[in-house]
Amino acid sequence: MIGLGPYVALGAVLFAIGAYGALTRHNPIAVLMCIEMMLNAANINFVAFSSFGGSIDGQIFVIFSLVVAACEAATGLALVLGVYRNRDIQEIGDMHLLKW
Amino acid sequence: MIDFFSQPTNLWFVVIAFLTLIASLGVVAGEKVMHLALNLGGSFAGVAALFVLLQSPFLAIAQVLIYVGAILVMILFGLMLTGAHATEPTGVETGKKVTVATAVIVLTALTIWGVYGSAGRWPVVPSGLDTSLTALGQALYGHWGVAFEAASTLLLAALVGAIVVSRREDDEA
C-alpha cells in the first residue's frame, strides 16, 4: 500500500507545473487554466490528508474549494471577455494600464 | 519493485499519476490554446480518478461534474469568444522561462524532500474513514452549516458580478 507521501508529492509537482504555466503563459485564459490546475493540486492534498488522517473536514474543504474555483472561473472569464471587448487585448502583457 | 506493483492500488496510482502529469505538462507546454483546454480536461479527469483511489467517490463525481462539466465548458466558451485560433508564442522570453522553471523546480524539490524526510512519521495505511454521502452531508450541513451558507452567498455574488462585468455598456437603460 502506498502511503500519504506519493499523493503529497504528486500534489506538489502538479502545483509546480501550474505555477510555471501561470507565470509564463501569454494568453489570459491559459493563465486561468493554470490557476485552476494549482487549485486542483491543493484538492489532491486535502483529500489525501483527509483519507489518511481520519478526519472528514478535508473533504468538506474540497467542496468549498470547488465553489471558489467556480467563482474564480466565472469572474475571471467575465473580466477577460470585458478587457478583450473594450480594449482588444489578447496578450496578458498588454494589460499594463495600472502598471507603475 | 515487483512487490510494489503487485498491489493493484499502487499500479493504478502510478498509471493515473503519469497520465495526469502528461496532461498537465500539455497545458503548460502546448502551443494552441484550444489544445491546452483539452489537455486541462485530461488533468481534471486524472485528479477525479485519484479521488476514487482515495475512497472519495462523491468528490470524484463532483470533480467531473463541476470541473470537466462546468468550468472546462466555460473556458471553452471564453476561448471561442476571444479567438479560438490563438496560439502561444514559442521561443520567446527564454531567460524568464529558465528563471521561473528553476525557482519552481527548487521549491518542488524542497517540498518533496520535506515530505520524504519525515515519511516515517506519516500514516501509511488509509484510516478507513467513513466517506459515505451520509457522513459527508451531516458534516457539511451540521458542523459546517454557516460556512456552507457563506459559500453559497459567495457563489451568488460572483455570478451576479460576472454578469454585471460582462454586460455590454449600451444595454443600460
Side-chain angles (χ1 to χ4, degrees), chain A residues 1-10 12-21 23-30 32-34 36-37 40 43-44 47-48 50-57 59-60 62-64 66-75 77-82 84-85 90, chain B residues 7 9-10 13 17 21 24-25 27-28 33 36-37 40 43-44 47 50-51 54-56 59 62 66 70-71 74-75 78-79 81-83 86 88-89 97 100-101 104 108 111-112 115-116 119 122-127 129 131 135-136 139-140 144 147 151 154-155 158-159 161-162 165-166:
Chain A
M1 201 71 191
I2 54 168
L4 185 52
Y7 287 102
V8 179
L10 179 67
V13 173
L14 207 57
F15 185 89
I17 294 174
Y20 172 79
L23 289 173
T24 54
R25 297 263 90 171
H26 290 265
N27 189 301
I29 297 181
L32 274 181
M33 290 185 217
C34 293
E36 295 290 347
M37 229 160 66
N40 252 305
N43 284 352
I44 293 178
V47 178
S50 163
S51 176
F52 284 91
S55 162
I56 205 161
D57 291 350
Q59 312 236 344
I60 304 291
V62 172
I63 294 175
F64 291 139
L66 286 177
V67 172
V68 174
C71 293
E72 181 252 319
T75 46
L77 280 172
L79 287 173
V80 170
L81 287 183
Y84 176 79
R85 199 168 48 212
Q90 286 205 52
Chain B
Q7 289 196 335
T9 319
N10 295 355
F13 175 80
L21 287 180
S24 308
L25 283 174
V27 177
V28 171
V33 182
L36 308 187
L40 189 70
S43 174
F44 287 163
V47 174
L50 281 178
F51 288 174
L54 286 163
Q55 279 110 33
S56 311
L59 289 182
I66 296 176
I71 293 181
M74 209 150 61
I75 285 176
L79 279 181
L81 289 174
T82 60
E88 284 285 323
K97 281 181 180 169
V100 172
V104 159
T108 313
T111 311
I112 292 176
V115 167
Y116 281 98
W122 283 20
V124 180
V125 184
S127 57
L129 176 74
T131 56
L136 211 60
L140 187 60
W144 295 99
L154 172 71
L155 193 55
L159 292 181
V165 167
S166 59

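Numbered from 1 within each chain, the chains take letters A, B, ... in sequence-line order. When reading the values below, keep in mind they use all heavy atoms of this one structure, side chains included, and skip hydrogens, waters and symmetry mates.
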Measure [X] against the heavy atoms of chain B and call it side chain, backbone, both or neither at under 4.5 Å.
{"X": "A/Y20", "answer": "both"}
{"X": "A/P28", "answer": "neither"}
{"X": "A/L79", "answer": "both"}
{"X": "A/L32", "answer": "neither"}
{"X": "A/F15", "answer": "neither"}
{"X": "A/S55", "answer": "backbone"}

Of the backbone (N, CA, C, O) and the side chain (C-beta and beyond), which part of [X] lies under 4.5 Å from a heavy atom of chain A, both, or neither?
{"X": "B/A135", "result": "both"}
{"X": "B/L59", "result": "side chain"}
{"X": "B/I66", "result": "side chain"}
{"X": "B/S43", "result": "side chain"}
{"X": "B/L154", "result": "both"}
{"X": "B/L155", "result": "both"}
{"X": "B/L54", "result": "both"}

[X] [atom1] to [Y] [atom2] distance, which is reported to the nearest 0.5 Å:
{"X": "A/M33", "Y": "B/L79", "atom1": "CE", "atom2": "CG", "result": "4.5 Å"}
{"X": "A/E36", "Y": "B/L40", "atom1": "CD", "atom2": "CG", "result": "7.5 Å"}
{"X": "B/F44", "Y": "A/M37", "atom1": "CZ", "atom2": "CE", "result": "8.5 Å"}
{"X": "B/L21", "Y": "A/I17", "atom1": "CG", "atom2": "CD1", "result": "5.0 Å"}

Selection from [options] maximising heavy-atom pairs under 4.5 Å formed with chain B:
{"options": "A/T75, A/D57, A/N40", "answer": "A/N40"}
{"options": "A/N27, A/L81, A/V67", "answer": "A/N27"}
{"options": "A/G82, A/A30, A/G5", "answer": "A/G5"}
{"options": "A/A9, A/C71, A/G21", "answer": "A/C71"}
{"options": "A/I63, A/L66, A/V68, A/V8", "answer": "A/L66"}

Most chain A-contacting option - heavy-atom pairs closer than 4.5 Å, from [options]:
{"options": "B/A151, B/S24, B/A17, B/A158", "value": "B/S24"}
{"options": "B/V100, B/I75, B/L50", "value": "B/V100"}
{"options": "B/T108, B/L159, B/T111", "value": "B/T108"}

* To do: Report yes or no: does A/R85 contribute a side-chain atom to a donor-acceptor pair with the main-chain N or O of B/S166 at less than 3.5 Å?
  => yes

* **N/O donor-acceptor pair under 3.5 Å between A/R25 side chain and B/V28 backbone** => yes

* Structure fact -> Of all heavy-atom pairs linking A/S51 and B/Q55, the shortest is OG-OE1, 4.2 Å

* State, to 0.1 Å, how close B/L136 and A/I60 come at their nearest heavy-atom pair, and which atoms those are. => O-CD1, 3.8 Å

* Asked: When you look at A/Q59 and B/L140, which way does the side chain to side chain contact (heavy atoms under 4.5 Å, CB included) test go after all the steps?
  -> CA-CA 9 Å; A/Q59 312 236 344; B/L140 187 60; over 6 Å; no

* Going by the side-chain contact (heavy atoms from CB on, under 4.5 Å) test, name the single residue among A/V47, A/I56, A/V62 that passes it with B/S56. => A/V47

* To do: Name the orientation class of the two ring planes belonging to B/F13 and A/Y7 (parallel below 30°, tilted from 30 to 60°, perpendicular beyond 60°).
  => perpendicular

